[in-house]
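In the text below, chain A, chain B and the rest are named by the order of the sequence lines, each starting its count at 1.
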Protein chains: 2
Amino acid sequence: MRATIKDVSALAGVSTKTVSRVLNREKYVSEDLRQRVEGAMAQLNFQPSAAARMLAGKRSHQIALIYGSQSPHYIHQIQTGIWARCVEEGVRLLAQPSDPDSPDLALEVGGLIDQTQVDGVILSAPVTDSEAALDELDRRGMPYVRISPGTDHGRSSSVSMDDVQAADDMTSHLIELGHKRIGFIIGHTNHAASDLRLFGYRRALDRAGLAYEPRYVRQGYFDFASGEAAAEVLLDLPNAPTAIFASNDDMAAGVLAVAHRRGLALPEQLSVAGFDDIALAGQIWPPLTTVRQPTREMAYAAAALLFEGVEGAVHRRIAHQLVVRASTAAPSA
Amino acid sequence: MRATIKDVSALAGVSTKTVSRVLNREKYVSEDLRQRVEGAMAQLNFQPSAAARMLAGKRSHQIALIYGSQSPHYIHQIQTGIWARCVEEGVRLLAQPSDPDSPDLALEVGGLIDQTQVDGVILSAPVTDSEAALDELDRRGMPYVRISPGTDHGRSSSVSMDDVQAADDMTSHLIELGHKRIGFIIGHTNHAASDLRLFGYRRALDRAGLAYEPRYVRQGYFDFASGEAAAEVLLDLPNAPTAIFASNDDMAAGVLAVAHRRGLALPEQLSVAGFDDIALAGQIWPPLTTVRQPTREMAYAAAALLFEGVEGAVHRRIAHQLVVRASTAAPSA
DNA sequence: TTGTACGCGTTATCAT
DNA sequence: ATGATAACGCGTACAA
C-alpha cells in the first residue's frame with residue numbers, strides 16, 4: 001500500500017498542509033515540525049503521486065525534450081546534458097522524438113503540452129526552426145528554450161556555440177602552423193551553421209592577410225561521400241592545399257579516407273581538421289584535429305535557463321574547444 | 001481554455017462517462033453516440049489530462065525505459081524501437097538513464113515507479129542484471145521486459161538476439177569462403193554475450209571439421225585498443241590467420257587500423273569481420289563485414305511484449321542479419 | 001507558523 | 001448501452 005500525505009500527517013501528528021509544505025520546501029515551517037515530517041516520510045517510504053501533484057497544482061515536475069533527425073550521438077549528448085540538470089531539479093524528462101518535416105508536428109507538440117502539462121520544453125535542432133511548433137508553444141505561454149536554433153534568434157531563449165569563432169580558431173591554428181593553402185568543405189546548405197563556419201574560415205584568412213581562393217572551397221552535404229568527393233577535387237588541384245578543414249566530421253572522415261587511398265602520410269603531407277559534430281571520426285582516426293562541439297554543455301545550459309525562468313529572450317553562448325591532435329603539422333611543401 | 005470531458009459531454013449531449021468510454025475505446029457504446037462524441041472532441045480540440053487519468057484510473061499511459069552505460073548509438077536504437085511501438089499504443093515514454101553500478105539504483109527505480117505510476121518498464125542491458133532493481137520491480141508487481149539480459153533468463157519476459165547463431169553464421173561464412181585459419185577476438189568477460197559468441201565460433205569450426213586452435217583466439221575488452229593489441233599478436237603468428245573475427249565493432253576497427261598500418265590489402269590479404277554493436281566501424285570503413293545486431297527490432301518487440309500483457313516469462317528471439325561487404329574474400333594464402 | 005475546506009479532471013462503482 | 005456519484009491524492013485559498 002502506497003503511503004499518502006494523509007498517512008504521513010497522521011504519523012507526524014500534523015496537518016496534511018504542513019506535510020505538503022515540507023514536500024515542496026516552502027518557507028514557514030518550524031525546524032521542529034520539518035524534522036518530524038521528514039522522519040515520518042522516511043519511515044513510510046512516502047513517494048508523492050506525480051499525478052495528484054499535477055492535477056492539484058500548477059507544476060507537473062516534468063519537462064519535455066523534443067528532438068528530430070540528428071545523429072544518435074548528438075541526441076545522446078543532448079539528453080545527457082538535460083538529464084543532469086533535471087536531476088538537480090527533481091524533474092522528470094519526457095523524450096519526444098519527432099519528424100521536423102511532418103505537417104502535424106505542431107499538433108503533436110500541442111497535444112503533448114495539453115496532455116502532460118509539462119513545465120517547459122526544450123527544442124533541439126532542427127525542430128527549433130519549425131514556425132508552427134513555436135507558434136503552438138507561444139499560444140499556450142509555455143516556456144521553452146532552443147538549442148542551436150538556425151533562425152529567429154530573438155524569438156525565445158536559446159543556447160548555442162559560436163560557430164564563426166570556432167571555424168576562425170581552427171583556421172587560425174592551421175595558419176599558425178604555416179599553412180598557406182587551406183582547403184575548406186562547406187556544410188549542408190540547409191543548416192544555418194554552414195554559413196557561419198564558412199564565414200569564420202574567411203575571417204581568419206582575412207586577418208592573416210591570406211587571399212580567399214574560391215577554388216579551395218568546395219560544397220559538401222555533411223556526409224561521408226560528399227567529403228570524399230570534395231577531397232578528390234581539392235587534392236587534384238595544381239597547387240593542392242596542404243590542409244583541409246571540413247565543416248563536420250563525417251566529411252572529414254571522407255577526406256581521411258581519400259588521403260589513405262592516395263597513400264598520403266598524415267599529418268606530414270596533409271593536415272586534416274573538422275568538427276566533432278558526431279564525434280565519430282575522431283574516435284576511429286585519432287589523427288583528426290577537431291573543434292569539439294559543446295553539445296552536452298549546451299543542453300545543460302538550456303535546461304538551466306528553463307528552470308531559472310528568466311524574462312525575455314536570453315541567449316547563452318557556450319565555449320567550444322580546439323582538440324589538437326597529431327594530424328595538424330607544419331606543411332611540408 | 002482547455003476543454004474537459006465535461007465540455008465534451010455537454011456539447012455532445014451525453015454523460016461524462018460515455019465520453020470516457022469513447023476515449024478509452026471501451027465496448028458498449030453505440031455507433032451513434034461514438035460519432036457524436038468524437039465530433040465534439042474534435043470540435044473542442046479536446047486533450048485528456050494525463051494527470052487526471054492517472055489519478056483516477058489504474059493506468060498512466062506511460063512506460064519507462066531504464067538504460068545504463070551503453071553506447072549512444074545503441075541507446076538511440078533502443079529508444080527509437082520502443083518509441084515506435086508506444087506511438088501505436090498512444091503511450092508516452094519516460095527516459096530514465098541510470099548508473100547500473102550505483103548502490104541506489106534500486107531506490108531510483110522504486111521511486112520512479114511510485115511517483116509516476118508507469119504502466120510498465122523496459123530494462124536495457126546492463127541494467128537488466130541488477131538483482132536489486134529487479135526485486136524492486138517484482139515487489140510492486142510491475143510488469144517489465146528486459147532487452148538482452150545477461151542472467152536469470154527465466155525471471156521475466158525478455159527479448160534478445162541469438163548470439164551463438166550469429167557468431168556461428170559469420171564463422172561459417174568465412175569457412176565457406178575457404179578460410180581455414182580464422183582468428184577470433186573475445187569480448188569483455190563481464191558481458192554475457194562474449195561467451196555465447198565464442199561458443200558460436202567454436203561450433204562453426206567443429207561442424208566444419210576444423211580444429212579449434214587456442215592461439216588464434218585472443219581476449220579483448222570491447223574497445224579499440226584491445227582490438228589493436230589482439231590483431232598485432234594474431235598477425236605476428238607463424239601461421240597467421242587469413243581472417244579475423246572480432247566480437248564487436250570497436251575491436252574490429254582496431255584490427256582494421258593494424259591492417260592499414262601493416263599495409264595489408266583488404267580483403268585480399270586479410271578478411272575482417274565483426275558485430276555492428278555500435279554501428280561505427282561499418283560506416284567509416286565500409287569494407288568491414290558485420291553481423292547486424294537487431295537492436296531496434298528487439299526494442300520494438302520488448303514494448304510489444306509489455307503491451308500484450310502476456311503471462312509468465314516469455315522470451316522472444318529476434319533474427320540478426322549478416323551484412324557481407326567486400327571485406328571478406330577467399331584467402332589468398 | 002499552522003490548519004481547514006474545497007477543487008483539479010478523470011475513472012470506477014453501481015445503478016438503471 | 002448509458003448515466004449519477006464518489007473517489008483518486010495532492011495544492012490553493014483562506015482562516016486562525
Side-chain angles (χ1 to χ4, degrees), chain A residues 1-38 40-41 44-62 90-92 111 113-119, chain B residues 1-38 40-41 44-62 90-92 111 113-119:
Chain A
M1 201 54 191
R2 297 184 58 251
T4 71
I5 279 201
K6 227 169 200 167
D7 302 327
V8 176
S9 68
L11 181 61
V14 299
S15 75
T16 59
K17 178 60 203 178
T18 300
V19 177
S20 173
R21 287 202 174 91
V22 173
L23 184 60
N24 294 299
R25 296 198 179 83
E26 285 176 30
K27 292 171 67 177
Y28 305 127
V29 205
S30 67
E31 197 47 37
D32 176 36
L33 286 193
R34 152 159 287 128
Q35 304 258 344
R36 283 232 304 278
V37 170
E38 282 173 348
M41 294 203 302
L44 295 174
N45 194 318
F46 167 73
Q47 301 285 152
S49 153
R53 299 183 87 183
M54 277 189 235
L55 189 54
K58 212 55 195 159
R59 303 184 51 196
S60 71
H61 305 270
Q62 270 190 183
V91 158
R92 302 243 173 241
I113 295 171
D114 288 341
Q115 287 178 25
T116 66
Q117 311 243 264
V118 289
D119 301 332
Chain B
M1 203 53 191
R2 296 183 59 253
T4 72
I5 278 201
K6 228 170 198 164
D7 302 326
V8 176
S9 67
L11 181 60
V14 298
S15 75
T16 58
K17 180 59 201 176
T18 299
V19 177
S20 173
R21 286 201 175 91
V22 172
L23 184 60
N24 294 299
R25 296 195 179 83
E26 283 177 32
K27 292 171 64 177
Y28 304 128
V29 206
S30 67
E31 196 46 38
D32 175 37
L33 286 194
R34 151 160 289 126
Q35 303 257 345
R36 285 232 303 280
V37 170
E38 281 173 347
M41 295 204 302
L44 295 174
N45 193 324
F46 167 72
Q47 301 286 151
S49 153
R53 299 183 88 182
M54 277 188 234
L55 188 55
K58 214 55 196 156
R59 304 184 51 196
S60 71
H61 304 269
Q62 274 190 174
V91 158
R92 305 240 172 241
I113 295 171
D114 288 340
Q115 288 178 24
T116 66
Q117 310 244 263
V118 289
D119 301 332

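- Here OG of B:Ser9 is found 13.0 Å from NZ of B:Lys17. Values are rounded to the nearest 0.5 Å.
- Protein atom CG of B:Asp32 is 12 Å distant from nucleotide atom C1' of D:dT2, rounded to whole Å.
- Rounded to whole Å, the distance from CD on A:Gln117 to C1' on C:dC8 is 10 Å.
- When the P atom of C:dT1 is taken as reference, atom CZ of A:Arg36 falls 16 Å away, rounded to whole Å.
- Checking the phosphate oxygens (OP1, OP2) of C:dT1, no side-chain nitrogen or oxygen of A:Ser30 falls inside 4.0 Å.
- Although no hydrogens or angles enter the test, the distance criterion places no donor-acceptor pair under 3.5 Å between the side chain of B:Asp114 and the main chain of B:Gly111.
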Return a single string for nucleotides 10-16 of chain C, one symbol per nucleotide in 5' to 3' order, where B is base contact, S is sugar-phosphate-only contact and - is none, cutoff 4.0 angstrom on heavy atoms. BSB----
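- A donor-acceptor pair under 3.5 Å links the side-chain atoms of B:Arg36 to the main chain of B:Ala12, judged by distance alone.
- Going from atom CD of B:Gln115 over to atom P of D:dG9 covers 15 Å, rounded to whole Å.
- At least one donor-acceptor pair closer than 3.5 Å links the side chain of A:Asp119 to the backbone N or O of A:Ser60.
- Of the N and O atoms on the side chains of A:Gln115 and B:Arg53, not one donor lies less than 3.5 Å from an acceptor on the other residue.
- The CG-C1' distance, from A:Leu33 to C:dT1, rounds to 9 Å in whole Å.
- By the 4.5 Å heavy-atom criterion applied to side chains, A:Met54 and A:Gln62 are counted as neighbours.
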